[in-house]
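The model shown is predicted, which means the values in this text are computed figures rather than measured ones. Heavy-atom basis, side chains included; hydrogens, waters and symmetry copies ignored. Chain identifiers are assigned alphabetically (A, B, ...) following the order of the sequence lines, protein sequences preceding nucleic acid strands; residue numbering begins at 1 within each chain.
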Amino acid sequence: MDVSHLLDELNEPQREAVAGSDGHVLVLAGAGSGKTRVLVHRLAWLIQVEHVSPLSVLAVTFTNKAAGEMRERTGKLLQVSTRPLWIGTFHGIAHRLLRMHWKEAALPETFQILDSEDQQRLLRRIIREEGMDEAHWPARQAQWFINARKDEGERPQNIEHFDHPVTSTWVHVYQRYQDYCNRGGLVDFAELLLRAHELWLEQPTVLDHYRKRLQHLLIDEFQDTNAIQYAWLRMLAGDSGRVFVVGDDDQSIYGWRGAKVENVQHFLNDFPDVRTVRLEQNYRSTGNILDAANALIAHNEGRMGKKLWTADPAGKPIQLYAAFNEQDEARFVVEQIDQWLDEGRRADDCAILYRTTAQSRLFEEYLLRASIPYRVYGGQRFFERTEVKDALAYLRLLHNPNDDAAMERVINKPVRAIGEKTISLIRIQARESNLTLWQAAGECVSQGIFATRAGSAVSGFIKLIEGMRERMQDWTLGNQMQGVIDESNLVAHYEKEPRERMETRIENLRELATAADAFILPHEDADAGLTELQSFLSHAALEAGETQGESWDDCVQLMTLHSAKGLEFPMVFLAGMEDGLFPHQRSLEDSGGRLEEERRLCYVGMTRAREQLFISYAEIRRMFGSQNHCRPSRFIGEMPSELLQEIRPRMATSRPYVAAQPVSSAGFSGQDWPFQLGQVVLHPKFGEGTVLAFEGSGEHTRVHINFHDAGAKWLVMAYAKLQAR
DNA sequence: TCCATTGACGTTTTT
DNA sequence: CGTCAATGGA
């Protein structure tokens with residue numbers, strides 16, 4: 001068979017990765033070096049050249065998007081159905097295993113996935129029930145503790161706390177939480193992975209089966225794996241599985257959520273004769289951008305070592321803009337985009353990247369004002385919306401009435417006279433008799449614990465759910481969804497909200513019904529023995545839907561640096577490059593390698609750019625209500641200055657206060673101010689400084705001056721003895 | 001039960 | 001400065 005198409009379009013190291021080994025392979029794939037291509041070609045190589053059965057291949061990614069892309073590209077390359085291939089996210093694959101082996105994993109067949117919101121609500125409830133002070137023991141922190149423990153593969157009983165009061169309290173909460181989950185058949189995201197690992201540990205027959213079957217393991221973004229994912233993988237590989245991992249230690253930016261770059265090193269130690277291949281030729285960015293990125297990342301220690309290069313020209317220098325303040329920064333960025341558009345280029349070629357989500361607001365404002373369409377990544381997703389989750393909770397309850405999270409959510413939604421008091425009676429009953437809320441509610445009714453009115457309300461709710469279940473048993477999924485929406489009368493609950501809000505909620509419910517109606521049971525879920533309903537509910541949890549509409553509308557892309565990973569744009573703005581913001585203050589405070597992760601984040605951001613990279617920082621930024629005088633990010637100083645071209649603001653037009661508010665209202669008109677914005681003045685005590693802004697009028701006029709030594713200060717004009725310089 | 005006011009707090013996010 | 005959640009009065 002002619003296999004030249006698998007290698008022809010690859011460069012030398014890529015070929016080596018794809019075809020060069022019959023053992024384990026570690027591919028250190030730099031940004032833009034054709035990582036996905038290598039993965040896909042390797043997969044095709046295994047099947048077409050080594051004649052490996054598609055059934056023996058497992059390819060794992062982190063996001064659904066990456067999994068989908070891999071499946072699609074593999075299908076195109078192979079020209080055969082990719083159906084038998086196991087390609088999925090860690091969570092998706094773990095979920096599938098648990099569905100197929102729910103008995104061995106000690107789960108009820110109807111188990112449900114708990115998303116992080118459900119998890120937090122449940123924890124809040126437990127913390128309250130335990131009589132703990134929520135201010136001292138926030139649910140968020142419990143969630144963090146439990147997930148971190150699970151990510152490390154730890155159960156309450158194997159956490160050592162040596163009478164450490166804080167830890168032992170959280171361990172207790174972990175235990176209680178796990179009891180609830182087990183009773184109700186609820187599995188959170190971290191639990192999916194942990195259970196899947198325990199399945200290997202406790203069921204040697206199951207493990208053995210998969211070891212024999214899945215001989216070829218391919219893992220994407222290996223630097224992002226956490227401890228439990230690595231352990232799971234290592235067990236599955238055993239002594240005979242061949243493992244092909246692709247990753248980049250320089251792009252490890254998720255250490256804060258448990259990812260372990262060390263796994264790359266562990267892989268080299270734990271698996272024999274690993275062949276390491278470096279992909280360093282970059283097909284994305286200009287030479288200047290790569291040189292600057294290389295120079296920056298060279299400041300990190302303990303790297304595996306990698307230097308990106310390109311056969312393409314050096315391109316334009318990186319543009320550096322020292323904005324006056326954050327408004328000026330936004331103004332500048334939007335102005336540049338406007339020019340780009342004037343040159344006939346596309347808006348979706350431009351991306352504005354920032355460190356914190358809050359930074360998007362100003363850019364949105366200025367883009368709106370300039371009538372440039374934009375799209376912000378990372379908002380709330382479809383299946384995370386309140387109304388969607390409410391309706392799904394009813395559906396879940398039909399499917400599994402012991403789902404406490406669902407029960408809690410809808411028992412009084414819309415209001416049906418089951419108030420806090422009644423619910424707490426049910427909770428007490430549940431707790432005392434180790435029952436789920438549903439069971440406890442039934443108990444309370446039959447024991448006549450409630451007052452008459454509450455009792456009839458609760459039994460009414462039980463009848464509602466049971467009635468729906470009986471009636472809808474044989475309905476299609478779409479009809480069930482619509483039926484649940486109608487009969488639950490959820491709409492009544494939203495009617496009390498503002499009109500516009502209510503309308504979008506109803507619209508979303510309509511969309512949900514349509515989605516259920518259009519849902520087709522995927523092959524892999526059918527193979528795993530899932531019903532249509534189970535599959536639909538799992539999809540809602542595991543792939544909460546696109547962050548927003550598709551990118552078909554030609555929009556400027558706004559996102560955090562984290563969500564930019566894996567993407568590329570002709571024109572990129574790295575905004576807010578100030579010490580304290582990026583690198584973030586919190587990473588400067590503790591020394592646990594956090595700064596290096598920030599640097600990697602900066603490296604990721606820079607290497608998103610294909611043609612043009614802009615870096616901007618504000619000299620003054622309003623944070624938490626107070627003005628901050630900022631230093632440019634230390635990362636800027638770590639880039640070779642000859643690659644940076646500073647853009648000098650044009651003094652006359654770039655002052656935002658002049659532009660934004662022509663101050664005709666005040667006693668001082670623009671011309672009457674004794675000084676100009678941007679002018680350097682001398683203060684008897686603070687020395688030289690630059691005039692930033694004026695405020696107020698007449699004798700109350702205050703002036704904001706950025707003193708070169710003393711920092712920025714507001715002074716009352718009448719008292720400040722200022723001299724022009 | 002609802003809305004409004006007050007108060008604390010303030011990275012990064014996928015599954 | 002803004003947001004979100006918790007609290008308390010009507």
Side-chain angles (χ1 to χ4, degrees), chain A residues 60-67 88-95 113-121 124 128 134-135 138-140 143-144 147 150-151 187-194 196 221 224-226 228-229 252-259 326 353-362 377-381 383-384 412-421 493 495-498 538-547 559-566 576 580-590 594-595 597-598 600-602 604-605 621-628:
Chain A
V60 198
T61 62
F62 274 85
T63 64
N64 293 299
K65 198 178 154 202
T89 63
F90 275 103
H91 291 87
I93 285 161
H95 172 246
I113 299 169
L114 215 58
D115 71 14
S116 36
E117 194 209 337
D118 294 338
Q119 186 185 34
Q120 204 179 66
R121 281 166 168 255
R124 187 172 306 142
R128 277 185 197 161
E134 282 178 272
R140 271 195 65 81
Q143 189 177 26
W144 181 85
N147 291 339
K150 288 187 175 185
D151 283 347
V187 177
D188 60 53
F189 290 129
E191 184 77 13
L192 285 170
L193 301 174
L194 182 49
E221 305 277 18
D224 288 339
T225 50
N226 63 29
I228 195 75
Q229 286 160 338
S252 158
I253 55 174
Y254 286 114
W256 52 273
R257 67 175 196 207
E326 68 270 31
L353 309 184
Y354 36 79
R355 179 65 236 268
T356 65
T357 41
Q359 284 168 263
S360 75
R361 264 196 48 241
L362 257 190
Y377 276 67
Q380 211 187 23
R381 284 157 335 156
F383 285 105
E384 286 170 353
N412 198 32
K413 210 178 208 182
V415 282
R416 41 175 75 93
I418 306 177
E420 199 45 48
K421 216 173 113 199
H493 183 257
E495 267 164 3
K496 292 170 221 146
E497 296 184 274
S538 317
H539 271 255
L542 285 178
E543 19 196 316
E546 279 296 311
T547 305
M559 68 190 84
T560 63
L561 285 151
H562 282 89
S563 29
K565 194 170 129 196
L581 186 60
F582 187 34
H584 198 273
Q585 196 58 45
R586 306 270 277 246
S587 65
L588 294 170
E589 281 158 8
D590 64 55
R594 284 268 169 256
L595 181 62
E597 186 157 301
E598 295 280 304
R600 291 193 288 269
L601 191 57
C602 184
V604 166
R621 182 179 296 270
R622 218 183 164 83
M623 286 179 90
F624 309 143
S626 63
Q627 297 270 6
N628 279 49

Requested in this report: Could you pull out all residues at least two apart from A:N147 that satisfy side chain to side chain donor-acceptor pair (under 3.5 Å)?
Outcome: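 By the side chain to side chain donor-acceptor pair (under 3.5 Å) rule, A:N147 matches A:Q119.
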Query raised in the report: Is it true that A:E597 and A:R600 have a side-chain N and a carboxylate O under 4.0 angstrom from each other?
Result: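 Salt bridge between A:E597 and A:R600, a charged N being under 4.0 Å from a carboxylate O: yes.
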**Report entry** Presence of salt bridge, A:E598 and A:R594, under 4.0 angstrom
**Finding:**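 No, no charged N to carboxylate O under 4.0 Å.
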Closest nucleotide among [options] to the [X] side chain:
X      : options               : result
A:R124 : C:dG2, C:dA6, B:dT15  : C:dA6
A:V415 : C:dT3, B:dT11, B:dC2  : B:dC2
A:N412 : B:dT15, B:dT11, B:dT1 : B:dT1
A:R361 : B:dT11, C:dG2, B:dT15 : C:dG2
A:R594 : B:dT11, C:dC1, B:dT15 : B:dT11
A:S116 : B:dT15, C:dT3, B:dT12 : B:dT15

Query raised in the report: Using the rule for Phe, Tyr, His and the six-membered ring of Trp, do A:F189 and B:dT14 stack at under 5.5 Å and under 30°?
Result: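 No; centroid distance or tilt outside limits.
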Between [atom2] on [N] and [atom1] on [X], what's the gap in Å once rounded to a whole number?
X      : N      : atom1 : atom2 : answer
A:H493 : B:dC3  : NE2   : C1'   : 13 Å
A:I253 : B:dT12 : CD1   : P     : 13 Å
A:Q359 : B:dT12 : CD    : C1'   : 11 Å
A:H562 : B:dT11 : NE2   : C1'   : 8 Å
A:F383 : B:dT13 : CZ    : P     : 22 Å
A:N147 : B:dT12 : CG    : C1'   : 16 Å
A:N226 : B:dT14 : CG    : P     : 16 Å
A:R257 : B:dT11 : CZ    : C1'   : 13 Å

Query raised in the report: P atom, B:dT13 versus C:dC4: distance in rounded Å?
Result: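 Rounded to whole Å, the distance is 15 Å.
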**Report entry** Distance between P atoms of B:dT12 and C:dA5 (Å, rounded)
**Finding:**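 Nearest-Å result for B:dT12 against C:dA5 at atom P: 15 Å.
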Query raised in the report: Got a sec, which residues hit ring-ring contact (aromatic ring centres under 6.0 Å, His included) with A:F90, two or more places apart in sequence or on another chain?
Result: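 Here the qualifying residues are A:F62.
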**Report entry** Contact under 4.0 Å: A:T89 side-chain N or O vs B:dT14 OP1/OP2
**Finding:**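 For B:dT14, neither OP1 nor OP2 has a side-chain N or O of A:T89 closer than 4.0 Å.
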Requested in this report: May I ask you to verify if any side-chain N or O of A:T357 is less than 4.0 angstrom from the OP1 or OP2 atom of B:dT12?
Outcome: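 For B:dT12, OP1/OP2 do have a side-chain N/O of A:T357 under 4.0 Å.
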Query - Candidate pair A:R381 and A:D115, rule salt bridge (charged side-chain N to carboxylate O under 4.0 Å, His left out), full reasoning - result: CA-CA 12 Å; A:R381 284 157 335 156; A:D115 71 14; over 6 Å; no
Report task. Check the angle between the aromatic planes of A:H562 and A:Y254 and answer parallel, tilted or perpendicular using the 30° and 60° thresholds. Result ->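 Tilted, since the angle between the ring planes falls between 30° and 60°.
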Have a look at [X] and say if it touches a base, only the backbone sugar-phosphate, or nothing, with a 4.0 Å heavy-atom cut-off.
X      : result
A:E597 : nothing
A:N64  : sugar-phosphate
A:F624 : base

Requested in this report: Tell me which of A:A541 and A:T356 sits closer to the 5' end of DNA chain B, going by the nucleotide each one is nearest to.
Outcome: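 The answer here is A:T356.
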**Report entry** Comparing A:T560 and A:A417 on DNA chain B - which has the more 5′ nearest nucleotide
**Finding:**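 Looking at the nearest nucleotide for each, A:A417 comes out on the 5' side.
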Requested in this report: Could you tell me whether B:dT12 is syn or anti, where syn means a glycosidic angle within 90 degrees of zero?
Outcome: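 In terms of base orientation relative to the sugar, B:dT12 is anti.
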